[in-house]
Every structure is written in structure tokens, then in C-alpha cells.
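Note that the structure is predicted; figures quoted are calculated from it, not measured. Quick note on labels: first sequence line is chain A, next is B, and so on, each numbered from 1.
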Protein chains: 2
Amino acid sequence: MRTRPRELTVAAQDYLKAIHALEDEGVRVTTSALAERMSVSAPSATAMAKRLAGLGLVERTPYRGVALTETGRACALEVIRHHRLLERYLADRLGLTLDEVHAEAELLEHALSEELEARIDAELGYPTHDPHGDPIPDAELKLDAERGRTLSDLDEGERAAVSRVPDGDPGLLRYLAELGLVPEAEVEVLRRAPYGGPVTVRTVVGEHAISRELAGRIAVA
Amino acid sequence: MRTRPRELTVAAQDYLKAIHALEDEGVRVTTSALAERMSVSAPSATAMAKRLAGLGLVERTPYRGVALTETGRACALEVIRHHRLLERYLADRLGLTLDEVHAEAELLEHALSEELEARIDAELGYPTHDPHGDPIPDAELKLDAERGRTLSDLDEGERAAVSRVPDGDPGLLRYLAELGLVPEAEVEVLRRAPYGGPVTVRTVVGEHAISRELAGRIAVA
DNA sequence: AGCGCAGTTTAGTCATAGCTAATTCCGATC
DNA sequence: GATCGGAATTAGCTATGACTAAACTGCGCT
Ligand SMILES: [Mn+2]
Ligand SMILES: [Mn+2]
Ligand SMILES: [Mn+2]
Ligand SMILES: [Mn+2]
């Protein structure tokens, strides 16, 4: 197991997280993809890519993009673990709602020591998923793959439980919560309009139509 | 009530805290005092003093030092409130020990939102003191003065309860805990050696002699 | 009153992390 | 295989916050 450089800056940690997310989505991590994800100009992304490459955290091919090294992946997973454990904690122990936890965890993740991380993990009973249904890397940074089906994959009449909702946008999360689309909730797909049309679902809250695209971002089990 | 500039840097917040502490100790906040307290070179302290003055957070007189403005004091108290609330939370809810809480809170204090601060405050039942016995500024940033007696002020034979111990040094806190000198603990002063000599105290743990200087840093009620 | 020294500030550097404007590269198209 | 356009990089700038070395100030002492 490679030693990972402790004392990464907050910015470096956030870039690593973004690179990990892009790789996870199967997107090539180009300068423009990274810049867009980080809400930063392309030259800023280039500069950080070089810095991360210098630290041995990414492999960089000029004009091609970057890829996490083993060390870089470990650093990214470390931050993701902090983020998701904190979300779980904030939701379970301090009653923050699904739409609130992300922003808080985004800040706290960089200020969490390994000791406190372990304490929180134990306190929560070693949870495996955050409140949005995303898997929490374990203490050895192993992460479940879990690329399952989504609401848009279900046939009409099929029932399932929501397992995962998109985590970044508070407005969207409030909207989904209103519709009864939260992790663990039961859903039934009533109709799937053709030509990429909306998906109509029934939840405890009632019947609602959502776009195919959004349905594709809600995982079920 | 002056508006205080949100979005102060972590460094600025830590300097304001240090300036507040020095003023509280009655020390003139000179460049060298500030540099020493922040473990930074004198030119670095000068530069930050100028930046803070530019933000209207301190009054600066070249070659003389700085003093917090009302706005600056509010910013300092905000950070102190975060710090002490977090210490209280970490001790009460996550079982961190007296010597561990300070370092953790030092990092987390800058990443705590006002909403989460309020949530934690409520969860704890609006505590008035941190685990070291330091007063927590309330939501309006009012802070108790509380300049009481210390162990070195007690006469031989006097009994009291420890109300406050120095909070920064983990080794010292472990040592004091071994001696039974923790907030709330009962103490009796047995002997006070002349010429600034040691103070001998009895606690539940037994009899121990500590320096007059250290005794002077332990408050009693 | 003047000297000198300690303490303070200025000057000049470095690293991080962002920006815009200018330039360069790559690959798709002709 | 040359050309062109979009993506990427370089160049040059800003701000923060640290440093060392050099210059300056003010105050206490003679
Ligand atoms: Mn973050
Ligand atoms: Mn960790
Ligand atoms: Mn701090
Ligand atoms: Mn606050």
C-alpha cells in the first residue's frame, strides 16, 4: 500500500474527488471536463493537474488528460469516506435533512482527523451507506462498485425500493423528497412514455411524472 | 451591531482569536507578541495586522500594535464560540478526552456553518462552558467575564472546586488529569511554599505539589 | 542631547490557487 | 497532406500568507 502524502490542500483534495467522480462516470478526465466540474477556468485545471502529477497522485498526458494513480485514488477515497461518514452523522445524530447534509460535509470533510473519523464511524456502528444511498468506503478504503439499475430501467408495473438519489443539488433533493423519492422508499413504475418521455411513478405520496433523464439518476434495488 | 465580513480566511480567523486572547490577558498586542503567539515571524504578523486593519477588524498604530474593533471582536467571538461549542460536543457526544478536544476543534471551528452551530448548540442544551471550563459566547456573542480566583490565591486549608484549566497543551492536560485536577473536581490547598514556591494540593487522587505558576493558571470557584 | 539596540517595518522570494489573453497543438476535414 | 477550429497550454497578473535579509524607529540610558 503506497504511502499517501498527508497534508494535501483543500483544493487538491477537492480536485481528486472530482477526478474520481469523473472516472467513476466513465468520462475521460480532460482539462475541460475537470475545469467544468470544478467551476474553474481551463488554465486553473491544467495548473492543478500538473501539481497533482508532481505529487504522484495522477498520471498526466499533456493534451490528453489525467488518471488517478493508486496513491491518488486512495487520497480521493479518503476524502469521500470523510464526506459520506459526515453526511451519515449529520443526518442521524443532528437531524439535518437530505438536502442539507451535502454542503456541510463538503466543508467539514477536510477538517476531520483520522481519530475523529474512527470515533464517528464506531459511534454510527460502521455504516455502509450515506443518507443519499452512496456507499461509504471502509476504513481500508474499499468501496462497493454497486452499479445497479435505475428507475428508468424498470418496466411498467415493476416495483422496487429507491437505493440512491443524486446528492449535490438541494433543490432537487427537496423536490424528490416531496415526491416521496428518498432512499428506502417503495416505488412502482406506472408508465414509461416512449421516445425518451417521462416516467410516471407511484410512491406513498402519490403519482408523479419525472423526466427520463432524472429517473436515470435514481438507483433502485 | 456592525456587519461582520463573512468569508474571512482561516488564517485571519486564527489571528483574530489570538489577538482576542492577548487582549483578554491584558497584554499589549504588539507585533512580537502576536508573532510569538501565532508561531510566525514578525514580518508575517505585520502583514496580517495590515490586512486586518484594511478589513476594519483591528485598529493598527504602526510600531505600537493592534486593538480589535467592535467588528473584529465579534469575528473573534464567533470563532471562539465555534471552538468551544465543538469542544463541548466532542467531549459529550463522541467521548473525546480533555486533552484531545482542543486540536480537533481548532480545525473544525472554521468549517462550521451558522446553521450547524445552532443545531449543535440546541442538541447540547445551550451549554455555557466548554470542557476546560472556559465560557462559551452565547448566540449573541455575549461572553462572561469570569476573572475569578485561582489555585494560587487560596489560603492553606481552603477548599474549592476547579472551574477552569489551561486548554492548549495536551501533555499538561493529561498530567493535570492524573493529579485529579479537572473542572468540577474538589481541591484542598495543603501548603503554599514561600518565595513563590510550589502549592501542595489534595484531590481525590491524593496529594501533589505543583508550581505556583501552574497553580495560577487553574481557576477555582 | 545623542547612541544604540530591540523591536518593527520594508523589500524581495516562494508556493498555492485563481484569473484573462495569447499561443500552441491535435485531429478531423477537405 | 495542408488547413482550420476547438481544446489545451503558456504567459503574465492578482491575492493570500509564509519566509529571510535589510532598513528603519523609538525609547531608554548615558
Ligand atoms: Mn470539499
Ligand atoms: Mn480518514
Ligand atoms: Mn483554528
Ligand atoms: Mn457562528
Examine [N]: is either OP1 or OP2 under 4.0 Å from a nitrogen or oxygen in the side chain of [X]? Give yes or no.
{"X": "A/Ser32", "N": "D/dA8", "result": "yes"}
{"X": "A/Thr31", "N": "D/dT9", "result": "yes"}
{"X": "A/Lys50", "N": "D/dT9", "result": "no"}
{"X": "B/Arg60", "N": "C/dT8", "result": "no"}

Taking salt bridge (Lys or Arg N to Asp or Glu O under 4.0 Å) as the test, write out the residues that go with A/Arg149, two or more places apart.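 Result, salt bridge (Lys or Arg N to Asp or Glu O under 4.0 Å) vs A/Arg149: A/Glu158.
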Restricting to salt bridge (Lys or Arg N to Asp or Glu O under 4.0 Å), what partner residues turn up for B/Asp167, sequence neighbours left out?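 Not a single residue meets the salt bridge (Lys or Arg N to Asp or Glu O under 4.0 Å) criterion with B/Asp167.
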Is there a donor-acceptor contact under 3.5 Å from the side chain of B/Arg84 to the main chain of B/Pro135?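 Checking the backbone N and O of B/Pro135 against the side chain of B/Arg84, a donor-acceptor pair under 3.5 Å is found.
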In whole Å, what is the span from the [atom1] atom of [X] to the [atom2] atom of [N]?
{"X": "A/Arg64", "N": "C/dT24", "atom1": "CZ", "atom2": "C1'", "value": "15 Å"}
{"X": "A/Glu7", "N": "D/dA18", "atom1": "CD", "atom2": "P", "value": "15 Å"}
{"X": "B/Leu16", "N": "D/dG17", "atom1": "CG", "atom2": "P", "value": "11 Å"}
{"X": "A/Leu34", "N": "D/dT9", "atom1": "CG", "atom2": "P", "value": "11 Å"}
{"X": "B/Leu57", "N": "D/dT16", "atom1": "CG", "atom2": "P", "value": "13 Å"}

Looking at the side chain of B/Tyr63, which of D/dT10, C/dT8, D/dA8 is the nearest nucleotide?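 The answer is C/dT8.
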Going through the checks in order, is the salt bridge (Lys or Arg N to Asp or Glu O under 4.0 Å) test met by B/Glu109 and B/Lys17? CA-CA 11 Å; B/Glu109 62 190 6; B/Lys17 237 181 14 165; 2.9 Å; yes
N-O pairing of B/Arg28 and B/Glu23 below 4.0 Å: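 So B/Arg28 does not pair with B/Glu23 through a salt bridge.
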When you check every protein heavy atom under 4.0 Å of nucleotides 13-19 of chain C, what one-letter string (B, S, -) results, 5' to 3'? ---SBSB
For B/Glu25, is the CD atom crowded, meaning more than 12 foreign heavy atoms sit under 6.0 Å from it?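 More than 12 within 6.0 Å, yes.
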